[in-house]
Amino acid sequence: MPENQDAESAGENPGDQEWHRRARAEYALNRWKTATPPRFRDAEATIPEVAAWADHALSDNASAGALLLTGLTGTGKTHQGYGALRRIAAGGPDRFELIAVNSADMYGSLRPSQVMGAGERELRRLSEVQYLLLDDLGTAKASEWTEEVTYRLINYRYNHCLPTIITSNLPARNENGPDLSGFVGARVASRLAEMVTGLVPMVGADRRRSGRAA
Ligand SMILES: Nc1ncnc2c1ncn2[C@@H]1O[C@H](COP(=O)(O)OP(=O)(O)O)[C@@H](O)[C@H]1O
Ligand SMILES: [Mg+2]
């Protein structure tokens, strides 16, 4: 332990700073591991735009906005999403809280249930968490109810400048077919348009079929 531990000297020594950063990274990476299913334990942000978004979030949380990964199934969207969160954790953030949820599971858990208020509590948890990975938005069947839930979630995160990663099989915009804007509705689409600071359309073959995936 260093002798000098008073507030003034703390962090002045670059060695100390690096020690503290590593301790924060270790803590954050443990949280990341707990929140990450086994398939994505080796996930890395290998796409430059994804890595850049993660670095932005690490240095200035409130202006990172949203990262939107779109593309066909198996192109690696979920992998990049977890990879981005891992990169943030590895940077040693001051604070690191995350929830990763598949959108179909989310709508399932938010449906009015027997347990009074359980859905509302869950919506609050997802709305308030520092980092949210909302996976596969647009795969559930759209209804007025899903639109309302998505609106409440995104509106909260938009108002509070909370960094959000969204993946979707739907393109952000498509004049000749279904798109994410159509699924989420105009109110959410307008907020997303402002929130998204990284739009990454993923291309390539389905990794699950090409045999490159585990
Ligand atoms: N960059 C990568 N390196 C190694 N494996 C990858 C990479 N990207 C994706 N995978 C693997 O390919 C499979 C499909 O990726 P996934 O992220 O689930 O695709 P999507 O979410 O677009 O459907 C998964 O098994 C994943 O672990
Ligand atoms: Mg996926």
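No experiment lies behind these values; they were computed from the predicted model shown. Counting starts at 1 for both ligands and their atoms, in listed order.
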Reported CG-to-OG1 distance for the pair Asp206 and Thr73, which is rounded to 0.5 angstrom: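 The distance works out to 5.5 Å.
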
Separation between CG of Leu162 and CD of Glu97, rounded to the nearest 0.5 Å: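 Here the rounded value is 9.5 Å.
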
Short side-chain donor-acceptor distance under 3.5 Å, Arg39 and Thr78: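 Side chains of Thr78 and Arg39: no pair found under 3.5 Å.
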
Without swapping roles, check the side chain of [X] against the backbone of [Y] for a donor-acceptor pair under 3.5 Å.
X      : Y      : answer
Thr146 : Ser143 : yes
Arg157 : Ser127 : yes
Thr164 : Ala66  : no

Any Gly74 heavy atom less than 4.0 Å from ligand 1: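 Yes, that is the case, since the closest heavy atom of the residue is under 4.0 Å from the ligand.
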
Residue-ligand contact Thr75/ligand 1, heavy atom below 4.0 Å: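 Yes, that is the case, since the closest heavy atom of the residue is under 4.0 Å from the ligand.
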
Centroid separation Tyr27 to Phe96 less than 6.0 Å: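 Ring centres of Phe96 and Tyr27 not closer than 6.0 Å.
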
Proximal protein heteroatoms (N, O or S) of the Mg ion (ligand 2), under 2.8 Å: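 Thr78 OG1, with waters left out.
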
Ligand 1-proximal atoms of Lys77, by part, heavy-atom distance under 4.0 Å: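 Contact part for Lys77 vs ligand 1: both backbone and side chain.
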
Ligand 1 versus Arg208: contacting region, heavy-atom distance under 4.0 Å: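 Only the side chain of Arg208 comes within reach of ligand 1.
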
Nearest option to atom 24 (C) of ligand 1, as decided by whichever heavy atom of Arg209, His79, Arg39 sits closest: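 Going through Arg209, His79, Arg39 one by one, Arg39 has the nearest heavy atom to atom 24 (C) of ligand 1.
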
Close-contact set for ligand 1 against Thr73 heavy atoms, below 4.0 Å: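 Checking each atom against Thr73, I get 23 (O).
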
For Thr78, atoms of ligand 1 separated by under 4.0 Å from a heavy atom: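 Listed by number with element: 17 (O), 21 (O).
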
N/O separation below 3.5 Å, Phe40 to ligand 1: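 No: no nitrogen or oxygen of Phe40 is under 3.5 Å from one in ligand 1.
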
Heavy-atom pair with the smallest gap, counting every atom of Ser181 and Arg173: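 In this case the closest contact between Ser181 and Arg173 is OG-NH1, 3.4 Å.
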
Test: Arg152 and Glu147 ion pair at under 4.0 Å: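 No salt bridge links Arg152 with Glu147.
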
Cluster overlap Phe40 with Met202, hydrophobic side-chain contacts below 4.5 Å: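 Phe40 clusters together with Met202.
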
